[in-house]
Student: 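Take a look at the following structure, please.
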There are 8 protein chains.
Amino acid sequence: MRHTSTRHTSRTSRSRLLTGGALLAVLTAGGLGTVAANAANAADSPAPAAASASAVSGPAKGELTRTTHLTLAAATEAAQAAVDAAEKENQRVSVAVVDRNGNTLVTLRGDGAGPQSYESAERKAFTAVSWNAPTSELAKRLEQAPNLKDIPGTLFLGGGAPVTAQGAPVAGIGVAGAPSGDLDEKFARAGVAALGR
Amino acid sequence: MRHTSTRHTSRTSRSRLLTGGALLAVLTAGGLGTVAANAANAADSPAPAAASASAVSGPAKGELTRTTHLTLAAATEAAQAAVDAAEKENQRVSVAVVDRNGNTLVTLRGDGAGPQSYESAERKAFTAVSWNAPTSELAKRLEQAPNLKDIPGTLFLGGGAPVTAQGAPVAGIGVAGAPSGDLDEKFARAGVAALGR
Amino acid sequence: MRHTSTRHTSRTSRSRLLTGGALLAVLTAGGLGTVAANAANAADSPAPAAASASAVSGPAKGELTRTTHLTLAAATEAAQAAVDAAEKENQRVSVAVVDRNGNTLVTLRGDGAGPQSYESAERKAFTAVSWNAPTSELAKRLEQAPNLKDIPGTLFLGGGAPVTAQGAPVAGIGVAGAPSGDLDEKFARAGVAALGR
Amino acid sequence: MRHTSTRHTSRTSRSRLLTGGALLAVLTAGGLGTVAANAANAADSPAPAAASASAVSGPAKGELTRTTHLTLAAATEAAQAAVDAAEKENQRVSVAVVDRNGNTLVTLRGDGAGPQSYESAERKAFTAVSWNAPTSELAKRLEQAPNLKDIPGTLFLGGGAPVTAQGAPVAGIGVAGAPSGDLDEKFARAGVAALGR
Amino acid sequence: MRHTSTRHTSRTSRSRLLTGGALLAVLTAGGLGTVAANAANAADSPAPAAASASAVSGPAKGELTRTTHLTLAAATEAAQAAVDAAEKENQRVSVAVVDRNGNTLVTLRGDGAGPQSYESAERKAFTAVSWNAPTSELAKRLEQAPNLKDIPGTLFLGGGAPVTAQGAPVAGIGVAGAPSGDLDEKFARAGVAALGR
Amino acid sequence: MRHTSTRHTSRTSRSRLLTGGALLAVLTAGGLGTVAANAANAADSPAPAAASASAVSGPAKGELTRTTHLTLAAATEAAQAAVDAAEKENQRVSVAVVDRNGNTLVTLRGDGAGPQSYESAERKAFTAVSWNAPTSELAKRLEQAPNLKDIPGTLFLGGGAPVTAQGAPVAGIGVAGAPSGDLDEKFARAGVAALGR
Amino acid sequence: MRHTSTRHTSRTSRSRLLTGGALLAVLTAGGLGTVAANAANAADSPAPAAASASAVSGPAKGELTRTTHLTLAAATEAAQAAVDAAEKENQRVSVAVVDRNGNTLVTLRGDGAGPQSYESAERKAFTAVSWNAPTSELAKRLEQAPNLKDIPGTLFLGGGAPVTAQGAPVAGIGVAGAPSGDLDEKFARAGVAALGR
Amino acid sequence: MRHTSTRHTSRTSRSRLLTGGALLAVLTAGGLGTVAANAANAADSPAPAAASASAVSGPAKGELTRTTHLTLAAATEAAQAAVDAAEKENQRVSVAVVDRNGNTLVTLRGDGAGPQSYESAERKAFTAVSWNAPTSELAKRLEQAPNLKDIPGTLFLGGGAPVTAQGAPVAGIGVAGAPSGDLDEKFARAGVAALGR
């Protein structure tokens with residue numbers, strides 16, 4: 001394969017103007033060094049690994065990209081907030097947080113939530129982060145494209161809400177178990193709202 | 001449960017001194033802004049989304065983390081290099097690249113490679129990135145912990161090699177189909193070596 | 001995440017006023033001791049483990065909850081009653097009983113029942129206990145929420161009936177194999193009716 | 001089927017002398033009423049559903065049994081404690097809590113934990129609660145019964161610890177991702193220790 | 001369990017008048033012995049195992065039932081006839097024969113048949129034998145009961161035909177790969193027609 | 001491919017001298033008619049379907065074979081007997097009965113049995129009926145053929161016992177959940193012993 | 001079953017006039033020998049294995065057939081071209097190439113493509129090669145045959161395009177992740193167009 | 001992607017000297033044309049599609065490769081021969097034929113064969129064709145590489161035999177159900193021997 005990684009990198013870079021894709025940032029040498037410098041100054045964030053960036057012997061800068069995720073602490077906080085919101089209304093739900101890569105970060109099976117709620121929550125979260133939209137809105141899109149719902153791992157029922165950072169999806173929160181998808185989604189939004197405070 | 005999310009952030013930060021975990025960098029406000037500033041200067045990397053970081057209304061900085069991945073272009077190049085290395089020795093192999101989150105980035109089913117090679121390659125890549133070591137070395141660890149090999153998704157056969165950036169695993173390359181695991185791993189290493197040039 | 005576990009316990013307790021969720025009862029110290037006292041007096045039910053409750057060194061009372069299930073004997077009796085009801089009408093069916101956690105307690109594959117009936121019965125039972133309603137009624141809800149049927153493990157065909165204790169679902173009985181869902185559900189209800197006599 | 005549920009109930013009751021089985025309590029009428037009475041006095045725990053026990057029209061008392069579970073709040077607290085314990089030692093792990101019925105209550109995918117850790121944690125938790133013993137001890141039992149590890153859902157690697165209430169298993173906590181199973185299990189035990197305080 | 005197997009047997013026997021269920025025959029002692037006697041006289045069918053029926057020490061006669069199947073030779077012949085019928089019309093199809101228990105007896109992947117045809121044929125066969133009707137007719141029933149098609153293992157597309165013996169289904173033949181379900185079903189019927197000659 | 005179906009039938013017939021295979025009986029015209037005649041005389045077993053054998057328009061006699069199964073009533077009785085035997089020794093187990101075709105007839109999840117016991121019981125039953133031997137004996141065969149245990153669906157742990165009719169396996173009973181495989185198998189044998197009385 | 005293998009060969013041969021089936025060519029002795037002769041003269045294509053065709057001791061010529069596939073190099077090139085086409089329009093997609101046998105040859109997970117895109121691309125490719133048509137057209141066929149979409153492995157959403165050689169399908173290219181199926185399919189067609197230049 | 005398909009083709013061609021890989025033949029223009037010419041003369045093999053090769057508008061010649069398979073007729077004949085060989089020794093077995101791509105061509109479930117035999121046969125066939133060796137020999141290789149047997153889809157038990165054409169594997173035949181792997185493999189070899197006569 002003879003393609004120049006340079007050409008590819010530049011293309012990839014141009015496509016940074018993302019409007020719904022995942023939050024990505026190509027690591028240019030300067031940028032990374034600067035992060036390291038700043039990080040070294042931050043009391044809680046020494047990040048010495050990054051500081052040694054100039055000695056890297058693995059992939060080149062242009063060969064690396066970064067994806068943004070919720071920390072586990074944040075994901076847990078959001079999930080718990082969704083559970084709490086449901087409890088306030090005496091609803092029994094399960095909650096899941098899925099990252100932009102489709103991997104589940106957190107699951108919480110609610111006390112007394114129906115057995116169908118656990119996987120349902122996971123799928124709603126997956127669906128919301130996949131299209132960066134609440135699943136209640138996505139369900140409406142089925143009028144135009146009914147077979148979207150045949151994509152493995154998805155569930156087009158209200159109850160999923162995306163978590164976005166700078167306009168790009170970084171996670172999805174899914175709630176299931178309440179009597180209606182609208183209620184589920186209200187709790188999912190409460191989970192999202194718990195972030196960024 | 002008593003912790004505050006503040007305390008959590010600092011703990012998470014202290015654990016930046018990773019020695020085998022995934023490459024992570026907490027996004028502190030200063031660091032991100034600086035990245036954006038640098039990126040704006042880089043001709044090929046405008047990254048305006050990052051530039052607007054101060055207006056973020058989603059998760060707070062301390063709630064986000066980043067994971068480093070090979071770009072698709074780099075992953076494809078590495079995979080192709082592994083295929084090429086095998087072809088030079090008249091070996092028919094399949095190749096897979098799996099990222100640190102366990103998601104497959106690239107698969108290449110070699111012309112004439114055995115049917116078992118495809119999933120085998122994927123599992124070797126998964127195993128190598130999971131423990132940040134070549135699968136030939138990991139196979140030796142089974143003497144002490146034979147049941148490691150019962151972990152779903154793994155395969156303890158030579159042929160998997162980790163890709164590391166600053167000492168942390170970012171991907172695994174798996175090769176399968178050659179007459180021996182040693183040969184497979186030679187080709188996987190050729191894939192790793194194609195990076196960073 | 002800011003809540004204290006104390007607050008949580010009380011919240012959880014307040015939500016005991018369940019109206020369709022699973023039957024739960026928080027174990028307060030006094031309640032448990034009293035159960036033990038009563039049980040100790042019952043000839044057939046010494047329950048000494050419960051009697052030693054005051055010496056517990058594991059989870060605290062507020063950290064435990066209980067879910068109510070059919071005993072295996074009761075579940076078997078209900079399943080058998082459903083089979084018998086079908087046999088009286090010369091129908092060949094399979095029957096399953098699933099608990100509120102979604103776990104199958106009993107399956108009975110009917111002599112000569114179609115091969116599709118076995119898993120069908122299990123799913124109907126799962127569906128009935130998930131929403132605490134007969135599957136024939138649940139099927140009607142699809143008019144409003146057609147994608148409910150995409151939730152894994154469910155089947156929206158007549159033939160599933162919930163078993164409730166104090167208004168809360170404790171199990172579902174599913175029957176499949178008769179020419180119509182109405183018939184299947186008649187037999188499932190016969191299974192439910194066999195309980196509590 | 002002509003068996004009398006009475007005979008069965010008494011047998012079931014006699015087997016209350018459990019020594020490693022799940023924590024169960026047959027609901028005798030008196031016991032339940034008493035629980036209700038006590039619960040009604042507890043400010044935070046009205047439990048009116050139980051109070052109306054005498055009007056039950058579903059299964060009879062002898063047809064119901066109860067299983068004890070961690071509340072979601074407690075399960076989350078234990079899981080978080082395990083994550084915290086790992087973080088203190090700069091280890092990146094995933095954690096799972098599984099109840100005695102084998103259903104997963106909580107999962108937490110650690111920042112930077114290997115991709116294999118998520119399902120690994122779940123299986124260790126499942127294994128620990130299945131046999132009510134730490135998985136490091138269970139792994140030793142394989143010398144006598146090597147094929148135990150072929151039971152679906154299990155993983156015989158250190159890192160799983162049971163949660164017991166009155167000597168009976170109510171949950172399992174599984175941790176995976178640290179360099180050794182011993183470390184994983186240390187963190188799992190920290191999760192168990194967070195309960196009952 | 002106190003039920004009398006006798007009562008059950010008689011009930012089961014009464015339901016011999018099956019009209020769409022599987023072909024079953026309760027083994028009464030006399031009947032079995034007689035079979036053995038006849039078999040012993042048949043040059044090609046000595047069946048000495050059956051001859052020793054009077055010395056049975058396992059289940060009693062009333063505890064055994066028999067299901068009727070195509071022999072492998074017959075199932076292969078039917079499948080081959082379906083392939084041949086398709087070849088005559090230059091159609092490339094795959095064929096499957098599934099027995100009344102839902103187990104696949106024979107699969108034939110046609111030269112050049114589409115990759116979707118293999119599992120499709122198996123499901124059509126399963127569907128036809130489950131309801132003892134051609135799948136083209138079963139597809140019409142979805143108008144009344146649209147969720148029938150959510151039963152695992154089924155496929156409501158023309159191409160499946162039941163094989164019946166004495167009015168009861170003993171197998172299903174499924175064909176897939178032709179441009180229309182009608183064509184597929186024509187070939188499936190050719191497979192059925194190859195039997196009994 | 002040169003064989004004629006005629007030759008095949010005779011071959012199939014000659015192999016009736018089974019010594020461990022499933023109980024089969026080729027339906028020769030005479031044999032079947034005689035069964036019908038006898039059955040017609042038996043008060044509880046009219047079997048009129050068989051009586052009309054001469055009018056069959058489906059597969060020919062030589063194209064049909066029969067497999068022998070436990071009736072559901074018998075399978076349930078055996079499973080219940082195994083549960084009862086375990087209860088007498090205060091052991092909590094799950095029980096499964098699988099027929100010679102590998103299909104599960106009955107499952108009973110024991111009150112308080114470990115979550116691993118359910119599928120474990122099913123696999124032991126499957127294994128016992130597959131090789132017509134107790135799984136404790138089959139486990140010993142692994143010394144000669146260790147990879148037998150890699151066959152899907154099997155489990156080589158004590159606790160499975162075959163049910164035989166005339167020397168041929170017709171079902172397997174599997175028990176799991178007791179502290180040892182020997183105990184499990186004792187209960188499985190109790191299940192077998194409940195038959196044929 | 002009465003056919004002779006001779007007749008079969010001729011039938012199979014006659015059906016070479018394929019109009020949408022896979023590209024197949026029966027290996028007649030003469031044809032193959034000639035290929036060998038020509039190949040032996042071609043500098044880059046010695047193919048000595050074929051040259052020794054006359055000494056074959058395995059299957060006879062008439063027992064072998066050939067299926068045509070994209071080389072891995074070509075499949076990779078097509079997949080890369082689809083990725084490139086998407087990048088030019090700032091779309092983040094995943095791409096898959098599946099051969100006529102349904103086996104995946106290449107997968108490329110796009111930087112920042114939604115997590116649902118990976119399997120979605122694979123299924124679109126599978127669907128396109130199965131029916132030798134773009135999936136946007138196939139989706140329209142659901143009006144006549146809505147249950148086509150229940151065939152395992154398929155996805156009836158725009159984004160899949162077949163690769164044909166001499167009118168027969170040899171591969172499918174699937175793209176997923178763009179805002180509409182039309183866009184996805186535009187990129188898939190770009191992948192197809194990259195071939196044959 | 002800048003690589004020249006020419007370079008790739010030559011590399012691929014050089015690797016034609018395969019000694020255990022799949023039988024492949026690159027379609028060079030000249031070679032193919034000649035095949036067409038010869039084929040056109042052969043009464044049973046008109047292959048007009050190949051004759052029009054010069055008008056191809058899809059992939060270029062160098063972008064196509066061919067894999068050799070047993071025809072369905074041959075695969076069926078081989079499978080039947082294996083069944084016949086087993087019947088002669090009164091053994092009840094199932095048989096599968098898997099092609100070099102790992103796809104199952106034919107399965108035959110033997111009358112009275114154990115339920116484990118069906119998937120077992122399929123896996124043995126897959127294993128034999130993957131490594132182009134009898135599974136009895138492959139099982140011995142586990143002494144050096146015990147983890148080979150963890151590769152998905154494989155089974156290292158005697159009973160699988162490869163079918164080779166010109167030294168390269170084109171299919172595997174797997175037999176299971178006899179008392180020993182040696183017997184199974186004897187029957188599998190009989191299946192292989194039925195080819196090429």
Side-chain angles (χ1 to χ4, degrees), chain E residues 44-50 66-87 90-122 125 170-171 174-175 177 187 191, chain H residues 44-50 66-87 90-122 125 170-171 174-175 177 187 191:
Chain E
D44 279 344
S45 185
R66 282 182 163 185
T67 59
T68 301
H69 304 269
L70 290 180
T71 60
L72 172 58
T76 306
E77 186 162 356
Q80 186 67 50
V83 168
D84 290 350
E87 270 189 1
N90 283 330
Q91 297 301 333
R92 307 169 172 289
V93 301
S94 293
V95 179
V97 184
V98 172
D99 74 12
R100 173 63 181 179
N101 293 335
N103 298 311
T104 303
L105 299 180
V106 173
T107 60
L108 301 179
R109 186 188 296 266
D111 298 324
Q116 87 293 354
S117 64
Y118 187 81
E119 188 165 353
S120 201
E122 216 163 0
V170 296
V175 176
F187 307 141
Chain H
D44 278 348
S45 185
R66 283 181 161 185
T67 60
T68 301
H69 303 269
L70 290 180
T71 60
L72 172 57
T76 307
E77 186 162 354
Q80 187 66 51
V83 168
D84 290 350
E87 272 190 358
N90 284 332
Q91 298 300 333
R92 305 168 173 289
V93 301
S94 292
V95 178
V97 183
V98 172
D99 74 11
R100 172 65 179 178
N101 293 335
N103 297 312
T104 303
L105 299 179
V106 173
T107 60
L108 302 178
R109 184 188 297 266
D111 298 324
Q116 87 292 357
S117 65
Y118 187 82
E119 189 166 353
S120 201
E122 216 163 0
V170 296
V175 176
F187 306 141

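Numbered from 1 within each chain, the chains take letters A, B, ... in sequence-line order.
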Student: According to side-chain contact (heavy atoms from CB on, under 4.5 Å), who are the partners of E:A78, at least two apart in sequence or on a separate chain?
Tutor: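 Applying side-chain contact (heavy atoms from CB on, under 4.5 Å) to E:A78 gives E:I173, E:L195.
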Student: Answer with side chain, backbone, both or neither: which region of E:S94 has an atom nearer than 4.5 Å to a non-hydrogen atom of chain H?
Tutor: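 Looking at E:S94, nothing touches chain H.
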Student: Under 4.5 Å from any heavy atom of chain H, what part of E:D99 do you find: side chain, backbone, both or neither?
Tutor: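 Contact with chain H involves no heavy atom of E:D99 at all.
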Student: Hey, what do you get for OG1 (H:T76) to CD (E:Q80), rounding to the nearest 0.5 Å?
Tutor: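 Rounded to the nearest 0.5 Å, the OG1-CD separation comes to 5.5 Å.
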Student: Tell me, out of H:L70, H:L108, H:T107, who's got the most heavy-atom pairs with chain E below 4.5 Å.
Tutor: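 That would be H:T107.
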